[in-house]
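See structure below.
Residue indices begin at 1 and follow the sequence shown.
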Amino acid sequence: MTMGMGHGGGRGAAGWGLMRSMRRDEDVTRYKLPKGLFGRIMTFARPYRRLLLSFLLLITADAVLGAANPLILRAIIDQGILKHRTGLIEVLALVVAGLAVLDAVLSLFQRYVSARIGEGLIFDLRARLFGHVQQMPIAFFARTQTGALVTRLNNDVLGAQQAFTDTMSSVVGNFIGVTVTLTAMFILSWQITLVALLLLPVFVVPARWVGRRLASLTRESYGLNAVMNTTMTERFNVAGALLVKLFGNPDDERAVFEQRAARVRDIGITQAMYTRVFMAALLLTASLATAIVYGWGGVLAVHGSLGVGTVVALTAYLGRLYAPLTALSNVQVDVMTALVSFDRVFEVLDLPSMIAEKPDAVTVPRGPATIEFEHVQFRYPRAEEVSLASLESVAILEQAPSNQVLFDVSFRAEPGQLIALVGPSGAGKTTISNLVPRLYDVNEGAIRIDGIDVRDATLASLHAAIGVVTQDSHLFHESIRSNLRYAKPDATDDDLLGALDAAQILPLVQSLPDGLDTLVGDRGYRLSGGEKQRIAIARLLLKAPDIVVLDEATAHLDSESEVAVQMALATALSGRTSLVIAHRLSTVRQADMILVLAEGRIVERGTHAELLEAEGLYAELYHTQFAQQDVDASAAMSAPDESAASGAT
């Protein structure tokens, strides 16, 4: 603890902490907190109650210990130096040294306990948030801004943690420190103490003004940085960079970015100057108070009405008065800032997952599987059912009700059968494929796997039984090995090589300098479309599901890549119940049953030959979409492979 005004380091540290407090946005005080928030926070902090009690005791002891130093200093001067009692001076000096050592030890323990509480809370909150967000339905991620979600996991979690470390220690420590300091000062000289308190507005008024300006500038800076981060994130991935190069104007992009960056620079300069004004006001107030105490107190000491040691002690106490007292005047903003961070974290934790596992959920047995859709009706969830306005960066969530997508859909796929879904865009094909692995829940009717309603099954067994390959399969920015083992963490290298061989891509992987350890790039962009799809199929084969769902897995491939992927798919589909959104004629022809969808309804069903003979919608789709493929099949087989980007090949 600092002994007095002469310890500029302590005063500076207190000043910087106070400045951080004063620059917080006062608008937070108008935030309406939900009822029971404080009790919920206490419940969440229950595992740390012993550490919190220890923390409070350490803060109290530290504050009282620091307040004792000026009194000892007073005794050294008045009772020791002025009375020439060298023995007392030596004893009191040793006491000061002992208190310094004790204060250092207390500060170490205080920091350790604070770190245990703070880092523990960060871990608990992040783990809870991460686990909860992972359980959210796909509709949640379709609406939510990733940056806003990451902010909850980082900034708001840190803000909530500060409630138990910085805010609590500041409020408790400042309150005890100010109480003890003022009590001691009034006892020493209530007249000088009152005059010193009258100087407080000299600092508080400009500090308030500077604080509001800093809060406004900080808010603007955060907004500009968020926009720049979004711009960089969008422009610096492969797809964004390609779009800018093909359609954008780099000079215009740079000019807009520089304009925002320049404003951030100007804000930084302004903040630096306001900060200096803030610190200068604190120093000026402390210096004026010191001048008054030394001037008035010195005169009183000359006349014998006040001890010299008392004057020095009063001056020392001034160093412990202004910053904590001003901080306490801003305590409402500090506490509300911490509570709002907790509320924002709880807001996400309280958002229910629409896809929840029942307590008595049953396990889907492995083996040949049956898929049954029974009078399924479905509409996509409304915004208020799956999202938060703050995570979409809008004031109010979209209020419009969603339209119904599927109407009375019924069909049955027997074990080992291949069911093809065809129809115009928007007919409901992808929706059906999303309902099988329970990415969404039906509104009416039921979907059964081996007679078990998917809503009654454990999510783990359901996902283990079903494998999905989409038209744009996602690969993480990791090695080929890591992306494959995502489906089977305990897979051996032989397992990986076998899956790659079955997926018709082993020769390519073996030709790469790093082999299985080759990084695939952001979203797999170092690979061509066909190569990425075959890696995805290899991942599916490693998983070895009983049901395969293909959502136009060859829709955007060139002809040669499609041939390789179709060969890989033949292995993947062999002996498995398959639901395939058909884009190519080859898939349609080999299907055991074709379901033709239009406007959310199954309007035709049958084999390729039966539907052509019926001359309905399928026959029309065949002549407009599939017939040319039939004519050009031979020529297409020899078309050159095109890579989506410069790749590992």
To the nearest 0.5 angstrom, please state how far the CZ atom of R481 sits from the CG atom of D517. 4.5 Å
Looking at V364, is its backbone amide N or carbonyl O close enough to the side chain of S461 to form a donor-acceptor pair, meaning the two atoms are under 3.5 Å apart? yes
Under 3.5 Å, is there a donor-acceptor pair between the side chain of K429 and the main chain of L597? no
For the residue pair K543 and A487, what are the closest heavy atoms and their distance? CB-CB, 4.0 Å
Please check this pair: side chain of D453 against backbone of A446, looking for a donor-acceptor N/O pair closer than 3.5 Å. no
Atom pair CD1 (I447) and CZ (F378), whose distance is rounded to the nearest 0.5 Å: 9.0 Å
For a quick test of reading the model, state the closest non-hydrogen atom pair linking V409 to L406 and the distance between them. CG2-CB, 4.0 Å
Minimum heavy-atom distance G416-D592, with the two atoms named: O-OD2, 4.2 Å
Can you measure from CG (L508) to OG1 (T518) and round to the nearest 0.5 angstrom? 8.5 Å
Can you check whether P365 reaches I452 side chain to side chain, under 4.5 Å on heavy atoms? yes
Side-chain contact test, heavy atoms from C-beta onward, threshold under 4.5 Å: evaluate it for I267 versus R263 and give yes or no. yes
Hey, could you give me the CG/CZ distance between N483 and R485, rounded to the nearest 0.5 Å? 12.0 Å
Assess the residue pair V596 and I602 against the criterion (side-chain contact (heavy atoms from CB on, under 4.5 Å)); give the C-alpha distance rounded to whole Å, side-chain angles, the decisive distance to 0.1 Å, and a yes or no. CA-CA 6 Å; V596 185; I602 297 178; over 6 Å; no
Neighbour count >12 (heavy atoms, 6.0 Å) for atom CD, E599: no
Please evaluate residues L500 and L516 with respect to the criterion side-chain contact (heavy atoms from CB on, under 4.5 Å), reporting the C-alpha separation (whole Å), side-chain torsions for both, the decisive distance (0.1 Å), and the verdict. CA-CA 10 Å; L500 291 170; L516 287 170; 3.6 Å; yes
Out of V454, L459, L439, which one pairs with I355 under the side chain to side chain contact (heavy atoms under 4.5 Å, CB included) rule? L459
Is the number of heavy atoms from other residues, nucleotides or ligands within 6.0 Å of CZ (R128) greater than 12? no
Would V520 and I480 count as a side-chain contact (heavy atoms from CB on, under 4.5 Å) here? Give the steps. CA-CA 6 Å; V520 300; I480 293 174; 3.6 Å; yes
Rounded to the nearest 0.5 Å, how far does OH of Y112 lie from CD1 of I117? 11.0 Å
Answer yes if the side chains of T431 and Y380 hold a donor-acceptor pair under 3.5 Å, and no otherwise. yes
Between S433 and D551, the two heavy atoms sitting closest are OG-OD2, 4.1 Å
Exceeds 12 heavy-atom contacts within 6.0 angstrom, atom CZ of R366: yes
Run the numbers on Y440 and V405 for side-chain contact (heavy atoms from CB on, under 4.5 Å), then give the verdict. CA-CA 12 Å; Y440 298 90; V405 179; over 6 Å; no
Taking all non-hydrogen atoms of both residues, which atom of R412 and which atom of Q417 are closest, and how far apart? O-OE1, 4.1 Å
Are the side chain of T577 and the backbone of A369 linked by a donor-acceptor contact shorter than 3.5 Å? yes
Q259 atom CD: more than 12 heavy-atom contacts under 6.0 Å: no
R534 side chain to Q504 backbone, donor-acceptor under 3.5 Å: yes
If you define the side chain from C-beta out and look only at heavy atoms, does anything of E119 sit under 4.5 Å from I122? yes
L541 to A499 - nearest heavy-atom pair and separation: CD1-O, 3.8 Å
Test your reading of the model: is there a side-chain donor-acceptor pair from D501 to the backbone of G498, 3.5 Å cut-off? no
Measure the CG-CG distance between D490 and D495 for me, rounded to the nearest 0.5 Å. 8.0 Å
Sidechain-backbone polar pair: D546 side chain, P368 backbone, donor-acceptor under 3.5 Å: no
Does R448 have more than 12 heavy atoms from other residues, nucleotides or ligands lying within 6.0 Å of its CZ? yes
Indicate yes or no: at least one non-hydrogen side-chain atom of L527 is less than 4.5 angstrom from one of L475. yes
Over 60° means perpendicular and under 30° means parallel, so tell me whether Y618 and H608 are parallel, tilted or perpendicular. perpendicular
Backbone of T370 reached by a side-chain donor or acceptor of D450 within 3.5 Å: yes
Can you tell which of I449, L462, I466 makes a side chain to side chain contact (heavy atoms under 4.5 Å, CB included) with P437? I466
In terms of heavy-atom contacts, does OH of Y486 have more than 12 from other residues, nucleotides or ligands at under 6.0 Å? no
